[in-house]
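Protein chains get the first letters and strands the later ones, always in sequence-line order, with residue 1 at the start of each.
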2 protein chains.
Amino acid sequence: MNYNECPITRTLEVIGGKWKPIILHYLAECPRRSGELARLIPHASGKMLTQQLRELEVDRIVRRKVYREVPPRVEYSLSPLGESLRPIMIAMCAWGDANPKSRR
Amino acid sequence: MNYNECPITRTLEVIGGKWKPIILHYLAECPRRSGELARLIPHASGKMLTQQLRELEVDRIVRRKVYREVPPRVEYSLSPLGESLRPIMIAMCAWGDANPKSRR
DNA sequence: CAGGATCCTTATTGATACTG
DNA sequence: CAGTATCAATAAGGATCCTG
């Protein structure tokens, strides 16, 4: 994962993971529980989701809040740094909306 | 590469490749030759670069122009559809500039 | 120079079983 | 429920050789 030195490189280090933009998209809507994200992103295995969430946590993009209850409840949300990624998410969503798959 | 149905998914299909955002970043500056891109993105092997360029070409993001000369010359540039990705590239560059690696 | 084809080595990922 | 650990399958990647 060692790219070169153009500025986009830094951004890709943080949101370049396979599922990270999608996770961030759903967290940008509202805080979400683990199982909730798993249901929203069914193509990613649970292992992948927790792995990507851990990396986002390490990069201070995502905040992880554990409620000490039984059964356990964990809620993920965007940190302020994560919020600063919103313009990117918005631009990506806008392009996806404007250019659906059907285009040939 | 089968994600789910949020709009970002479509965008990721097109620019989600490991080297695609960086390639697009350099093509957004100006048209580039193959060897030029290889020098700009030294961490990607030639095989990877051509592979990613082919996919971008198939998705009509990038235009490939062959000059029938000896030695051969091939120039890549953004198509109009590729140009429409600019806002995403700009947002990603801006974030990378504002949040360099040194941040802890 | 650009890039296709091949072989082979690593990295990612998925499935399963298990813990607090 | 949320998450870890392990192992097997698969995909991505690099090195090399070759062609127009």
Item to complete: Tell me, please, which residues at least two apart from B:Arg33 pass salt bridge (Lys or Arg N to Asp or Glu O under 4.0 Å).
Response: none
Practice prompt. Rounded to the nearest angstrom, tell me the gap between atom CZ in A:Arg39 and atom C1' in D:dA2.
Written response: 13 Å
Item to complete: Take the protein atom CD of B:Gln52 and the nucleotide atom C1' of D:dA11, then report the distance between them rounded to whole Å.
Response: 14 Å
Worksheet item: Please walk me through it: do B:Lys20 and B:Glu55 pass salt bridge (charged side-chain N to carboxylate O under 4.0 Å, His left out)?
Response: CA-CA 9 Å; B:Lys20 289 179 186 177; B:Glu55 293 177 11; 2.7 Å; yes
Worksheet item: A:Lys65 versus A:Ser77: any side-chain heavy-atom pair under 4.5 Å?
Response: no
Discussion item. Output the rounded distance in Å from NZ (B:Lys18) to P (D:dA11).
Written reply: 17 Å
Fill in: Rounded interatomic separation in angstrom, taking CD from B:Glu55 and P from D:dA11
14 Å
Worksheet item: Is it the case that B:Arg32 places NZ or CZ above or below the six-membered ring of B:Tyr76, under 6.0 angstrom from the centre and within 45 degrees of the axis?
Response: no
Discussion item. So does B:Arg63 get a backbone contact from the side chain of B:Ser79, meaning a donor-acceptor N/O pair under 3.5 Å?
Written reply: no
Worksheet item: Taking CE from B:Met48 and C1' from D:dG14, how many angstroms apart are they, rounded to a whole number?
Response: 8 Å
Fill in: Spacing of A:Glu57 atom CD relative to D:dA2 atom P, expressed in whole Å
15 Å
So which protein N/O to nucleotides 2-6 of chain C N/O distances come out below 3.5 Å?
unit_1, atom_1, unit_2, atom_2, d
C:dA2, OP1, B:Arg33, NE, 3.3
C:dA2, OP1, B:Arg33, NH2, 3.2
C:dA2, OP2, B:Gly35, N, 3.1
C:dG3, OP1, B:Arg54, NH2, 3.2
C:dG3, OP1, B:Arg64, NE, 2.9
C:dG3, OP1, B:Arg64, NH2, 2.8
C:dG3, OP1, B:Tyr76, OH, 2.8
C:dG3, OP2, B:Ser34, OG, 2.7
C:dG3, OP2, B:Tyr76, OH, 3.2
C:dG4, OP1, B:Arg54, NH2, 3.4

Discussion item. Rounded to whole Å, how long is the line connecting atom CG of A:Leu49 with atom P of C:dT12?
Written reply: 17 Å
Worksheet item: A:Ile41 has an atom CD1; how far is it from atom C1' of D:dA2, in whole Å?
Response: 16 Å
Name each donor-acceptor pair under 3.5 Å that joins a side chain in residues 83-91 of chain A to protein atoms two or more places apart or in another chain, with its distance.
unit_1, atom_1, unit_2, atom_2, d
A:Glu83, OE1, A:Arg86, NE, 2.6
A:Glu83, OE1, A:Arg86, NH2, 3.2
A:Ser84, OG, A:Leu81, O, 2.4
A:Ser84, OG, B:Trp95, NE1, 2.8
A:Arg86, NH1, A:Ala28, O, 3.3
A:Arg86, NH2, A:Ala28, O, 2.9

